[in-house]
Structures are given as structure tokens and as C-alpha cells.
Amino acid sequence: MTSQISRRPAGAETSLSPRGILALAAGKSAARATRLIGRGGGTAITGMIARKVDPRILDKLVRIPGVPVVAITGSNGKTTTARFTAALLRGEGINVCHNSAGANLIQGVTSLAVSYASLRGNLPDGVLVAEVDEGALPQVAPETLPRALLVTDLFRDQLDRFGEIYAVADAIESVALTLPEHAALIVNADDPMVATLAEKRDGLRVTFGMALKRSTDHITRAADTIRCPRCRADLKYKYVYLSHMGDYSCPACGFARPKLDVAVTSLEVVGLDLTRCEIKTPTGTIVLEIPQSGVHIAYDAAGAIAILVGLGIPLEHVAESMATVGPAFGRLEKIDADGKTIILAFAKNPTSYNTTLRALATEDEPHQLLIAASNTLVDGEDFGWLWDVDFESMAPKVDRVVVSGTRADELANRLHYAGVPAGKLKVVVDRQVALNEAFTLLPPGSRLVVLSGYTPLIELRNEMRKRGWTGRYWAV
């Protein structure tokens with residue numbers, strides 16, 4: 001293991017108190033009980049119970065002994081970037097503890113540490129890779145003191161929970177400014193607001209983004225940050241790669257996209273199964289074939305590579321490692337359902353919807369869709385952003401669509417105005433009944449694409465598990 005990710009000297013470690021040991025035992029027991037009764041994977045309750053017993057348990061397991069932590073935050077791409085990062089680290093011979101199920105609030109990150117720790121409070125040598133919810137980062141960071149912090153992007157997401165993206169950016173910046181000088185801050189330079197985070201911080205900064213000589217998207221009403229973060233004038237784009245992310249400059253004050261340390265120099269998205277790209281790094285160019293689809297996948301891959309650059313880890317087995325990472329739960333995940341194919345696509349904001357719709361547009365077959373949205377605490381209550389989703393581009397190819405969830409009527413109204421004929425649209429609020437309706441009438445040889453927010457996606461996938469089509473979502 002390289003010195004950049006070595007732990008502090010053994011003398012800096014502290015033994016757990018009886019209370020800490022009790023917290024570990026209680027958290028681990030809660031996880032086992034939850035799995036035994038089939039109520040979940042213990043990805044959140046483990047940390048919740050442990051923190052009830054000892055509110056400082058995460059701090060004691062991670063920060064105090066100096067466990068190296070990679071934290072990945074932002075609006076989109078956290079789960080996939082974290083999976084790529086874990087695979088790359090393992091490919092270079094480094095042990096990894098990772099919250100692969102995506103439980104990314106404070107209790108989820110605590111669960112990660114508690115699950116891997118021994119009852120004496122020792123985590124395995126290696127790196128803890130933590131996907132961290134952007135709203136939870138100010139609470140998680142002081143207790144983990146990340147050795148590397150990556151910010152993927154910033155988009156409007158759950159306005160009722162986060163407020164506007166400027167508030168989220170300020171919160172992330174406040175964390176970045178407190179990082180130790182030896183820690184690496186990794187930023188997506190193609191996102192204007194992310195590119196300027198903690199610019200005056202002393203310490204290592206690594207940028208990543210696209211260096212294609214063509215646009216792969218265009219500015220639409222879903223674009224969020226198209227004004228200069230310094231003077232608020234409208235930015236001018238040379239190339240647009242994804243929503244508001246691209247090669248930009250400000251004609252008013254001269255602000256421009258920073259120089260890229262890690263850059264995607266070529267890109268080919270092949271259907272829903274493959275992304276080919278070349279990524280230029282400080283030590284050479286890497287050619288990748290990734291068994292996932294989309295422009296966003298290239299961003300996530302570049303971000304993961306930038307993390308290794310920030311940690312000073314050689315990039316010797318990147319291509320081999322990346323080729324092994326299939327889709328995470330709900331990220332264009334394919335399920336074989338009694339000889340028919342179901343594709344699960346997690347969609348929570350305009351960009352995640354539009355990215356999936358763009359991937360679907362690369363294939364010519366008519367769409368059989370199940371779209372679900374619910375206004376739970378986890379999913380957010382504000383769905384005004386549905387009008388920023390480019391459903392219009394999808395409408396001509398829709399053969400049949402079932403809409404479901406607690407906001408099914410709102411979805412149906414949006415699809416009506418997008419041009420989906422009433423005869424091809426059916427509202428079925430109950431998720432189990434909606435799955436029956438969509439799947440039973442699926443023509444032979446065709447596939448069902450499920451576009452859904454988090455809660456209904458869990459409900460639908462659990463129903464698929466009961467039918468023997470798939471396993472537990474936290475095991476993907």
C-alpha cells in the first residue's frame with residue numbers, strides 16, 4: 001500500500017470503551033436480525049442502532065485511528081463512481097470496505113464501518129470507500145476526515161429537502177475547506193459550480209472532465225448552472241456534454257473551465273450495454289470498455305481514476321478492473337424474468353431521467369414502459385421538475401406505458417402533455433398490480449423498461465424477488 005493511504009502510527013489508535021464495544025455488538029446483531037426476518041440488508045439499521053448506543057462510534061472507528069477514507073458526493077453518479085473506485089483500488093491490490101448498497105446517510109456510513117469492524121473496533125487494513133449523500137456530508141466528514149473527497153456534479157434534486165443547489169454547494173465547500181492539506185479534493189471541472197469549490201484551499205486538487213471535440217448534449221430547460229459562478233453572466237459553451245456540463249467560458253469576466261488532469265478524449269456509447277472510451281491521465285492514456293451505458297458512465301470512470309491519481313496510486317490495472325463492473329442496483333440493471341427482459345432505471349431528477357431516455361433513444365425498438373414516482377420522505381415531495389424531463393423525445397416511440405406510485409396522476413398528466421396518446425397510457429397506482437399489468441401484456445421478444453424513483457423501485461424489485469426473478473437489491 002502506498003504512503004498516501006497509510007494509517008497513522010499505531011500509537012494514534014484508541015481502544016474502544018465498553019460502550020463502544022456494546023454499540024458494535026448491538027449494531028451487528030440488528031443487521032443479522034433484519035436479514036433473518038427478510039426486512040432488509042441491515043445497511044442503515046446497523047448504524048442507527050450503533051449510534052443510539054454510542055453517538056461517537058463512527059468517529060472512534062474511523063477518524064481517531066486514521067483509517068483512510070474516500071468520500072464521494074454530489075447529485076448524480078455517486079453509486080457508480082464509488083463502485084468503480086472500489087474496483088480500481090482492489091485491482092491495484094488494496095483492500096476495500098465499501099457501502100455498495102448505496103446507504104449514504106450518516107447511519108449508512110456508520111453501518112459501513114460497524115459491519116467491517118471487529119468487535120474490538122479494528123477495521124481491516126485498506127481504504128474505506130463511502131458514497132455520501134450531499135446533505136449528510138457536513139455530518140459525515142468530521143467523523144471520517146476523508147483522505148480524498150470527490151464531488152461528481154450539482155443538479156437540482158429534492159428542493160424540499162436541500163433547497164437550491166447554491167445552498168448544497170456552500171455546504172460541500174465548507175467541508176472541502178476543512179480537509180487537511182494532505183487530502184485530495186477531486187472535482188468535476190465540466191460543472192461550473194463544482195469547478196470553483198474551495199478554490200483557495202491549500203492542498204492537492206485534481207480535476208476531471210471531457211475533452212471531446214464534439215457535443216454529446218445541448219442546453220435545455222433542465223440545465224441548472226449555465227451562469228458564471230463568479231459574475232453571474234451567461235456562460236458560453238464550446239461543447240456541451242451532459243446538461244450544463246461541458247467546455248465553457250464567461251465572456252464577461254474571463255472565467256473558463258479549469259485545465260483537466262484526467263480527461264475523456266474519446267467516447268462511444270453502444271446501446272444499453274457498453275461504453276467505450278479513452279481517458280488521458282498524468283501517466284498516459286487508458287482505453288476502457290465498460291459493461292454499462294451512457295455519457296455519465298464515462299464521467300464516473302474519469303472520476304474514479306482521478307481519485308487514484310489524488311491518492312498517488314499507480315494506474316496499472318485500470319482497464320481490467322473497469323471491465324468487471326456491471327450496473328449497480330437500478331442503474332440500467334437487467335433482470336431475466338421468465339424469459340423476458342426487465343431493465344431497471346433509477347430516475348430521481350431531470351438529468352437522471354434524460355440520461356436514461358437518451359440511452360433508450362440509441363435503440364430503435366418501441367418502448368414498453370413502467371414509470372413510477374412516489375412522494376415519500378426519501379424521494380422528496382416536489383415533482384415540479386417533471387416538466388423539465390424530455391419526455392417529448394420519448395413519446396413517438398412509446399408502444400405502451402403504465403404509470404404508478406403515489407404521484408401516478410401527475411406523471412400521467414406530464415406524459416399526456418408530452419404527446420403520449422391516451423390509448424397507450426394506463427394509470428395503476430399500486431406497484432404490484434402495475435407490474436402485473438405491464439409485464440403480462442409484454443409482447444414476446446420485447447422488454448420492459450422501468451423508470452422509477454427510489455422507493456417504488458425498491459417495492460417493484462422486491463416484488464420481482466418474490467417471483468424468483470432476482471436476488472436481494474443490496475447484494476447487487
Side-chain angles (χ1 to χ4, degrees), residues 1-10 12-13 62-63 65-74 77-78 81-98 123-132 141 144-152 175-189 194-195 197-209 211 258-265 278-288 299-322 324-325:
M1 187 182 298
T2 61
S3 59
Q4 289 88 337
I5 56 170
S6 60
R7 293 194 184 187
R8 297 177 190 168
E13 297 183 7
V62 178
R63 185 191 64 83
V67 174
V69 173
V70 171
I72 297 163
T73 196
K78 296 185 291 290
T81 303
R83 283 166 64 88
F84 285 158
T85 302
L88 294 185
L89 289 169
R90 290 182 180 124
E92 303 305 330
I94 297 167
N95 191 42
V96 174
C97 303
H98 171 213
L123 281 163
D125 285 336
V127 177
L128 190 149
V129 176
E131 170 190 340
V132 183
T144 58
L145 209 60
R147 203 71 56 90
L149 171 63
L150 179 141
V151 187
T152 59
V175 170
L177 288 171
T178 65
L179 293 176
E181 189 171 334
H182 68 271
L185 177 62
I186 298 100
V187 295
N188 180 352
V194 173
L197 288 174
E199 285 182 298
K200 296 181 180 180
R201 169 185 174 265
D202 291 327
L204 181 60
R205 186 184 191 86
V206 182
T207 60
F208 69 95
K259 181 178 180 291
L260 301 178
D261 298 309
V262 176
V264 179
T265 55
E278 293 184 6
I279 297 183
K280 185 179 179 181
T281 77
T283 56
T285 297
I286 303 170
V287 180
L288 300 177
Y299 270 116
D300 297 342
I305 292 171
I307 287 174
L308 268 66
V309 171
L311 292 174
I313 297 172
L315 307 173
E316 296 178 0
H317 303 94
V318 169
E320 301 95 313
S321 299
M322 207 72 81
T324 67
V325 188

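For this chain, numbers begin at 1 and follow the sequence in order.
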With rounding to the nearest 0.5 angstrom, report the [atom1] to [atom2] distance, [X] to [Y].
{"X": "Thr73", "Y": "Lys78", "atom1": "OG1", "atom2": "NZ", "result": "6.0 Å"}
{"X": "Ile186", "Y": "Leu149", "atom1": "CD1", "atom2": "CG", "result": "7.0 Å"}
{"X": "Thr207", "Y": "Leu185", "atom1": "OG1", "atom2": "CG", "result": "10.5 Å"}
{"X": "Leu145", "Y": "Leu179", "atom1": "CG", "atom2": "CG", "result": "7.5 Å"}
{"X": "Thr324", "Y": "Phe84", "atom1": "OG1", "atom2": "CZ", "result": "9.5 Å"}

Next on the checklist: side-chain contact (heavy atoms from CB on, under 4.5 Å) for Val70 and Arg147? Distances and angles first, verdict last.
Outcome noted: CA-CA 6 Å; Val70 171; Arg147 203 71 56 90; 5.9 Å; no
Checklist entry - Got a donor-acceptor contact below 3.5 angstrom from the Arg205 side chain to the Ala198 backbone? => result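 Side chain of Arg205 to backbone of Ala198: a pair is present.
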Closest non-hydrogen atom pair, [X] against [Y]:
{"X": "Ile279", "Y": "Thr265", "value": "N-OG1, 4.5 Å"}
{"X": "Ala189", "Y": "Ala195", "value": "O-CB, 3.7 Å"}
{"X": "Phe208", "Y": "Tyr299", "value": "CE1-O, 3.6 Å"}
{"X": "Pro146", "Y": "Ala183", "value": "O-CB, 3.6 Å"}
{"X": "Glu131", "Y": "Ala82", "value": "CB-CB, 4.3 Å"}

Checklist entry - Yes or no on side chain to side chain donor-acceptor pair (under 3.5 Å) for Thr152 and Asn188, after CA distance, side-chain angles and deciding distance? => result CA-CA 6 Å; Thr152 59; Asn188 180 352; over 6 Å; no
Show every donor-acceptor pair shorter than 3.5 Å between a side-chain atom in residues 301-320 and any protein atom, with sequence neighbours excluded, or say none if there are none.
unit_1: His317; atom_1: ND1; unit_2: Gly91; atom_2: O; d: 3.4
unit_1: His317; atom_1: ND1; unit_2: Glu92; atom_2: OE1; d: 3.2

Item to check | side-chain contact (heavy atoms from CB on, under 4.5 Å) between His98 and Arg83, worked out | outcome: CA-CA 8 Å; His98 171 213; Arg83 283 166 64 88; 3.9 Å; yes
When you compare the side chain of [Y] with that of [X], does any pair of heavy atoms fall below 4.5 Å?
{"X": "Thr144", "Y": "Leu128", "result": "no"}
{"X": "Leu150", "Y": "Ile72", "result": "yes"}
{"X": "Arg201", "Y": "Glu181", "result": "no"}

